[in-house]
Amino acid sequence: MICAKTVFKCFKTLERWGNVITGAAGPYFVGLAVILITLGVVCFFDVIAPDLSYPIITIPICILIALNLLTHYYYVVTVSPGFVDDPPREPGTGILWARKGTKKGKQRVLTGGVRWSTRGVKITPASHTKCWKCKKTRPEKWDHHVPEIMFAMIYILSIVLCFAVGVMLSYHLYGISWGETTVEAQDHDEYRKKAKARNEDFVNSYDLGKKENLAFFFNLGESGYSRLTLFVPLRINPYTDGFSWARRDGYEKHQGVRQGEELTDEEDEDDV
């Protein structure tokens, strides 16, 4: 018993230290991210954008992507995530807020080059380059405003982050389409196994179908916002107040889960 208490006490101490360290370092990481994002945008429009084909089409698309990148990170830094005791958030009236649709219909009911060596990585400028259009090799001339070393580092970082963020995006969109969070996905696997052992079927009461799940998540539709909000970085409110969630018709809870089997307890309405 003494050893167990000591171990738990050590874990609690490490947890408190971790909270203090991450809390103190958080603003510095945010500042670093802002700097890197800004450098990436500058490098792209200084080096890559001028050589894009069909600029009348590609440049506006690239500007829209950059605007989404910068604006959404601005929202992440400045918009409060909200707390349990906060009242439901009301839609704003500024220019950054989207307007809800007024169409009448069925309302929602809530239920350079890189050279590797033994001493590390050395970034060296390329002496020649091959033109993709004429297929000819010609001397390389760096006539851009940003330094070559900065562009090379940002380029490598962008490739790594593109892969990482792409995997995370795909994973979370998959979970949203099934109407479950990351934690619920693990819980639901256990519920399915237990229900199958009793020759029963597990039914997620929050799964309204892939299309409807995505529409609810992005708050699209007749009583929500326009699909334009998927591409233009306007602020929107979620479809829910955080306490009430849409369920399947006729379901007040998951099917196939018995009393005491819940891995993540749901709060009773009286406790909210």
Side-chain angles (χ1 to χ4, degrees), residues 8 11-12 15 18-19 72 75-76 79-92 97-98 100-111 165-227 229-230 235-272:
F8 285 126
F11 285 158
K12 289 293 184 181
E15 182 180 2
N19 291 334
H72 282 296
Y75 291 154
V76 169
V79 178
S80 173
F83 300 92
V84 175
D85 297 331
D86 292 347
R89 184 173 296 168
E90 297 294 331
W97 281 89
K100 269 195 172 183
T102 58
K103 182 179 178 181
K104 295 182 180 180
K106 184 179 179 181
Q107 299 295 316
R108 292 174 178 167
V109 180
L110 294 182
T111 75
V165 174
V167 172
M168 293 175 62
L169 174 64
S170 302
Y171 175 77
H172 286 296
L173 285 178
Y174 176 80
I176 293 168
S177 67
W178 285 96
E180 57 189 17
T181 64
T182 305
V183 175
E184 289 172 340
Q186 300 176 10
D187 294 349
H188 293 174
D189 286 339
E190 294 297 322
Y191 297 157
R192 291 187 183 92
K193 293 178 182 178
K194 293 179 180 180
K196 186 176 181 180
R198 298 191 296 263
N199 293 324
E200 298 177 358
D201 293 326
F202 167 75
V203 177
N204 176 12
S205 61
Y206 297 111
D207 185 7
L208 308 176
K210 292 181 174 56
K211 184 178 179 180
E212 196 69 19
N213 290 337
L214 291 169
F216 268 107
F217 179 82
F218 292 106
N219 201 3
L220 304 176
E222 296 175 348
S223 59
Y225 296 93
S226 166
R227 293 185 180 181
T229 56
L230 294 175
R235 286 189 61 180
I236 65 172
N237 270 342
Y239 83 92
T240 174
D241 59 2
F243 297 101
S244 303
W245 305 87
R247 293 182 185 264
R248 288 189 176 194
D249 290 338
Y251 285 82
E252 294 296 329
K253 61 180 182 178
H254 298 324
Q255 176 181 306
V257 181
R258 296 185 179 180
Q259 187 70 28
E261 292 183 345
E262 296 88 351
L263 298 176
T264 303
D265 295 332
E266 295 186 4
E267 293 182 309
D268 295 328
E269 294 183 359
D270 297 336
D271 297 335
V272 176

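Heavy atoms only: backbone and side chains are in, while hydrogens, waters and symmetry mates are out. When a residue number appears, it is its place in the shown sequence, counting from 1.
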Decide, yes or no, whether a salt bridge links E262 with K253 under the criterion of side-chain N to carboxylate O below 4.0 Å.
no
First locate atom [atom1] of [X], then atom [atom2] of [Y], and finally report the distance between them rounded to the nearest 0.5 Å.
{"X": "D207", "Y": "H254", "atom1": "CG", "atom2": "NE2", "result": "10.0 Å"}
{"X": "T181", "Y": "H188", "atom1": "OG1", "atom2": "NE2", "result": "7.5 Å"}
{"X": "Y225", "Y": "N219", "atom1": "OH", "atom2": "CG", "result": "6.0 Å"}
{"X": "L208", "Y": "D249", "atom1": "CG", "atom2": "CG", "result": "8.5 Å"}

Side chain to side chain donor-acceptor pair (under 3.5 Å) partners for [X], two or more places apart:
{"X": "Y174", "answer": "W178"}
{"X": "N204", "answer": "none"}
{"X": "E190", "answer": "none"}
{"X": "N237", "answer": "none"}

Look only at the side chain of R247 and the backbone of E252, and say whether a donor-acceptor pair between them is shorter than 3.5 Å.
yes
Has Y239 got a side-chain atom pairing as donor or acceptor with A246's backbone, closer than 3.5 angstrom?
yes
Partners of [X] by side chain to side chain contact (heavy atoms under 4.5 Å, CB included), sequence neighbours excluded?
{"X": "K194", "answer": "R198, E261"}
{"X": "S170", "answer": "none"}
{"X": "V203", "answer": "R248, Y251, Q255"}

Side chain to side chain contact (heavy atoms under 4.5 Å, CB included) between Y206 and E180: does it pass, once the steps are laid out?
CA-CA 7 Å; Y206 297 111; E180 57 189 17; over 6 Å; no
Which pair of non-hydrogen atoms, one from G256 and one from A195, has the smallest distance, and what is that distance?
O-CB, 3.8 Å
Between A98 and I236 the two heavy atoms that sit nearest each other are CB-CG2, 3.7 Å
Ring pair (Phe, Tyr, Trp, His ring centres under 6.0 Å) partners of H72, counting only residues at least two apart:
Y75
Under the ring pair (Phe, Tyr, Trp, His ring centres under 6.0 Å) test, which residues partner F217, sequence neighbours left out?
none
Any side-chain heavy-atom pair from T182 and Y171 closer than 4.5 angstrom?
yes
Kindly write out the residues that satisfy salt bridge (charged side-chain N to carboxylate O under 4.0 Å, His left out) with D201, not counting sequence neighbours, or none if the list is empty.
none
All salt bridge (charged side-chain N to carboxylate O under 4.0 Å, His left out) counterparts of R235, not counting sequence neighbours:
none
